[in-house]
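Letters A, B, ... mirror the listed sequences (proteins, then strands); counts begin at 1. Owing to the predicted nature of the structure, the values given are computational and were not obtained by experimental measurement.
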Amino acid sequence: MVENLVIVESPAKAKTIEKFLGKSFTVMSSFGHIRDLAKKNLGIDIKNNFNPDYVVSDDKKKIVAELKKNVKEAKMVWLASDEDREGEAIAWHLAEVLQLDEKKTKRIVFNEITKEAIQNAIKNPRNIDKNLVDAQQARRILDRLVGFELSPVLWKKVKPSLSAGRVQSVAVRLLVDREREIIAFKPSSSYKTVAVFEVVDNKGKKVLLEAELDEKFNTKAKALEFLKACSKAQFSIEDVVTKPSKRSPSAPFTTSTLQQEASRKLGFSVSQTMTIAQKLYEAGKITYMRTDSVNLSETALKACKEVINKEFGNEYHNLRQYKTKSKGAQEAHEAIRPAYFDQETVQGSAAEKKLYSLIYKRTLASQMSDALFERTTVSIKVEGLPYHFVATGEVLKFDGFLKMYIESNDEESESDNLKILPPLTKNQPLNVKNITSTERFTHHPPRYTEASLVRKLEELGIGRPSTYAPIISTIQQREYVVKTDRDGSERNFDVLKLENKNVTELTEKETFNAEKAKLFPTDIGILVTDYLVDHFKDIMDYNFTANVEKDFDEIAEGKMLWTKMLDAFYAPFHKKVEMAIATRENTKGDRLIGNDLVSGKPIIARIGRFGPMVQIGQSDDEEKPRYAKLQPGQYIETITLEQALNLFQLPKKLGSYENYEVSVGIGRFGPYILHHAKYYSLVKGVDDPYNITLQRAIELINDKREKDKNKVINSFEYQKSEIQVLNGRFGPYICYNKENYKIPKNTDATKLTAEQCIDIIQKGASTTKTKKKRK
DNA sequence: CAGTGAGCGAGCTTCCGCTTGACTT
């Protein structure tokens, strides 16, 4: 017999809460939402006041049945879903589906999982807030309308199976807009000048003092002129200013800040972070990991204080209450923090340990004192010239929270590390050792990483903690975006150096624009974004979500009817959808680049069946058009005539070897040499497919043959075909009729007989087959 | 795996947010 049935969203939460409540309480979990709009035919009756057709999802049928059974027996049902829009809706759906009797149902909320908070909640029940539920319904229905009306437009106009939505389309737009800024960016250079002086410190030892000029010269001539003037100049200290400065700790983690910090400090992807955090949560090590709140419970604040006082002393503790800065935060939970502060480390995988430690340190640091510095700025006069050199040094006076945690930055700072300056006095003359003027280039705005895109989305109030990771993977799955590295290019820069009254000039090399694990929009991503911005400007607006959120808030406050809001949105929106479908236009991104020098035919870049490509001539010409695929890094939008013509140079013949033709081309897996029906990969970063010689190609062929010799362990003839025992990446395997088979463990592959191989082939499932099935 | 890019047409694709497993490799 169940006396009191409490229903929460998460099973891990249910387990914890059950401990806090007496035996008369049974706690179950709904596993999030239990029903959703029907998937067929929109799931909304638009003409009938947007009447939603809700269906219990297949994977929730079992849990709903179990809940029903327990509800029947219970004297009182407590709906304890989260205290936000979605949580309120979950409570309402539960009440509807379980047909709860109003007299036997209470709605309770708590945003921290402590005994006190829960008992308090039980003492203060309320009813379901229907206005808040309506706000959720409006949100849900609007998202369905946008997603299920826009996506089919793309299927018709661009390509099947594409998708669009309030959140994902704007996320892609952020990347596309940034990419355009990068394309338009023209780097400029200026000369940064640094002087090294020799100073005697208080022990009589010679030390070096580095100072930067307060002026950057935009031409080499000006920098040279300055250095020459310096060769005759006197230097002296003009001023020494010492000021105290401080740094404060950051707020405890939310989902988004945890994702950013784990990405920067531990190199985790956004989804990796969430999977690891989920494990820690389920093991009871940390509080809930999908939250937008920076709030810590009273119990947590007290525990932090105790640990800090004990470990470091009172002077290191500083009680801080943080306030959220993000738009649309709903704060149904606490910040992400350790469940117990006496555990500095946890058992588990290396990744779990690292992430836990990050959370532990960040939480404690957030309750610690400011770090105090003394910042000294020294200004150095150049006699007779209107410029100054400036040196800054910092001395740490009190480490405070830095004892625990140092937050990282996206931008690597060049000269921000702590420097201690030697003692210096005003008017003190200085000996210059050397002065260097180095050419520095401006950088394009940075491309987004997964984590920095999440930060931007949060800033715009787009998406929720539970959806950041899925958004990132959706836009990659749809191939609007790829996460990849890119090799930089090389460039020269000038270094001018004055030493011993002599100016020398040097040219040095640097790589620039190299990228690591960055998000790049694809041609499809660019095309779809342009199309949507053209036809659905308001939905693609960065403020669209923020604007509809205002309406949802009004609905939640009972000031607006949800059906009215949807009406006002849908009528003009649907008109645009119909117009978009009705207009005939070119949406394959066709771009005329120029004309072929030989045939005079037009060269067009466009999206083809297999992705972005260029073609010479039209398909209705007498002669078939020639096609070539774009290379990584090339865009329909920016490819030049020269680059396009270059693509048509391949495949080309290099000559012959052993009486067979040798040719070079670029395939799906990069540049290759083709010889006697066999392919040989070019070496990345060494060989250039456009300029490779026959001699080098032959070298590659022979290299590969040498390698392959070691690949074959044994081979047998079987049913007019060959069974091969091969050495692969993951150890030995059997290959027969182009299919691969696993060799059982603890088998010596070199001693396998033909009979044993046949046996394995007949019994064992081919690994190549399963792969194909998955696709 | 190292090519492909025509055209027709049936049947399918798709959203955002709230939760975990149940599946592979």
Atom pair distance, as rounded to whole Å: [atom1] in [X] and [atom2] in [N]:
X	N	atom1	atom2	answer
A:Phe569	B:dC15	CZ	C1'	12 Å
A:Leu700	B:dA2	CG	C1'	15 Å
A:Lys159	B:dG5	NZ	C1'	13 Å
A:Leu162	B:dC15	CG	P	10 Å
A:Phe148	B:dT13	CZ	P	9 Å
A:Tyr54	B:dC18	OH	P	14 Å
A:Lys60	B:dG21	NZ	P	11 Å
A:Asp84	B:dG17	CG	P	12 Å

So [X], base contact, sugar-phosphate only, or nothing? Heavy-atom distance under 4.0 Å.
X	value
A:Leu150	nothing
A:Asp36	base
A:Glu149	nothing
A:Pro152	base
A:Ser681	base
A:Arg626	nothing
A:Gln278	sugar-phosphate
A:Tyr680	nothing
A:Gly165	sugar-phosphate
A:Gly43	nothing

Taking only N and O in the side chain of [X], is any of them less than 4.0 Å away from OP1 or OP2 of [N]?
X	N	answer
A:Arg290	B:dC18	no
A:Ser10	B:dT20	yes
A:Gln168	B:dC16	yes
A:Ser151	B:dT13	no
A:Tyr679	B:dG3	yes
A:Thr467	B:dC16	no
A:Ser466	B:dC18	yes
A:Tyr480	B:dT14	no

All side-chain hydrogen bond (donor to acceptor under 3.5 Å, both in side chains) counterparts of [X], not counting sequence neighbours:
X	value
A:Thr324	A:Ser326
A:Arg173	A:Asp177
A:Arg107	A:Ser81, A:Glu88
A:Ser256	A:Gln260, A:Glu458

Considering only [options], which nucleotide approaches the side chain of [X] most closely?
X	options	value
A:Leu674	B:dT19, B:dG17, B:dG3	B:dG3
A:Tyr672	B:dT19, B:dG3, B:dC18	B:dG3
A:Pro11	B:dG3, B:dT20, B:dC15	B:dT20

- Query: Does a donor on one side chain and an acceptor on the other come within less than 3.5 Å for A:Glu9 and A:Ser29?
  - Reply: no
- Query: Mapping A:Pro671 and A:Glu9 to their closest nucleotides on DNA chain B, which lands nearer the 5' end?
  - Reply: A:Pro671
- Note on the structure: Contacts of A:Val167 and A:Tyr281 projected onto DNA chain B by closest heavy atom; the upstream (5') one is A:Val167
With sequence neighbours excluded, residues passing ring-ring contact (aromatic ring centres under 6.0 Å, His included) with [X]:
X	value
A:Tyr657	A:His675
A:His333	A:Tyr288
A:Tyr679	A:Tyr672

Between [Y] and [X], does any NZ, NE, NH1 or NH2 come within less than 4.0 Å of an OD or OE carboxylate oxygen?
X	Y	value
A:Asp134	A:Arg85	no
A:Arg626	A:Asp596	no
A:Arg140	A:Asp36	yes
A:Arg696	A:Glu699	yes
A:Asp143	A:Arg139	yes

- Task: Classify the ring geometry between A:Phe50 and A:Tyr570 as parallel (under 30°), tilted (30 to 60°) or perpendicular (over 60°).
- Result: perpendicular
- Message: Parallel, tilted or perpendicular: which one describes the rings of A:His93 and A:Tyr54, with boundaries at 30° and 60°?
- Response: perpendicular
Measure all distances between protein nitrogen or oxygen atoms and nitrogen or oxygen atoms of nucleotides 6-12 of chain B, and list the pairs falling under 3.5 Å.
none

- Task: Scan for ring pair (Phe, Tyr, Trp, His ring centres under 6.0 Å) pairs involving residues 149-174 of chain A, sequence neighbours excluded, and state none if there are none.
- Result: none
- Message: Ring of A:Tyr480, cation from A:Arg478 - is the NZ or CZ under 6.0 Å from the centre and inside 45° of the axis?
- Response: no
- Residues touching DNA chain B, which here means a heavy atom under 4.0 Å, drawn from residues 85-94 of chain A: A:Glu86
- Query: Got a sec? Which of residues 133-147 of chain A come in under 4.0 Å of DNA chain B, heavy atoms?
  - Reply: A:Arg139, A:Arg140, A:Asp143, A:Arg144, A:Gly147
- Tell me whether A:Trp155 is stacked on the nucleobase of B:dT13, counting only the six-membered base ring and applying the 5.5 Å and 30° thresholds. yes
- Message: If a pair means Watson-Crick or G-U wobble with both distances below 3.5 Å, what does DNA chain B look like in dot-bracket form, with | marking bases paired to a different strand?
- Response: .........................
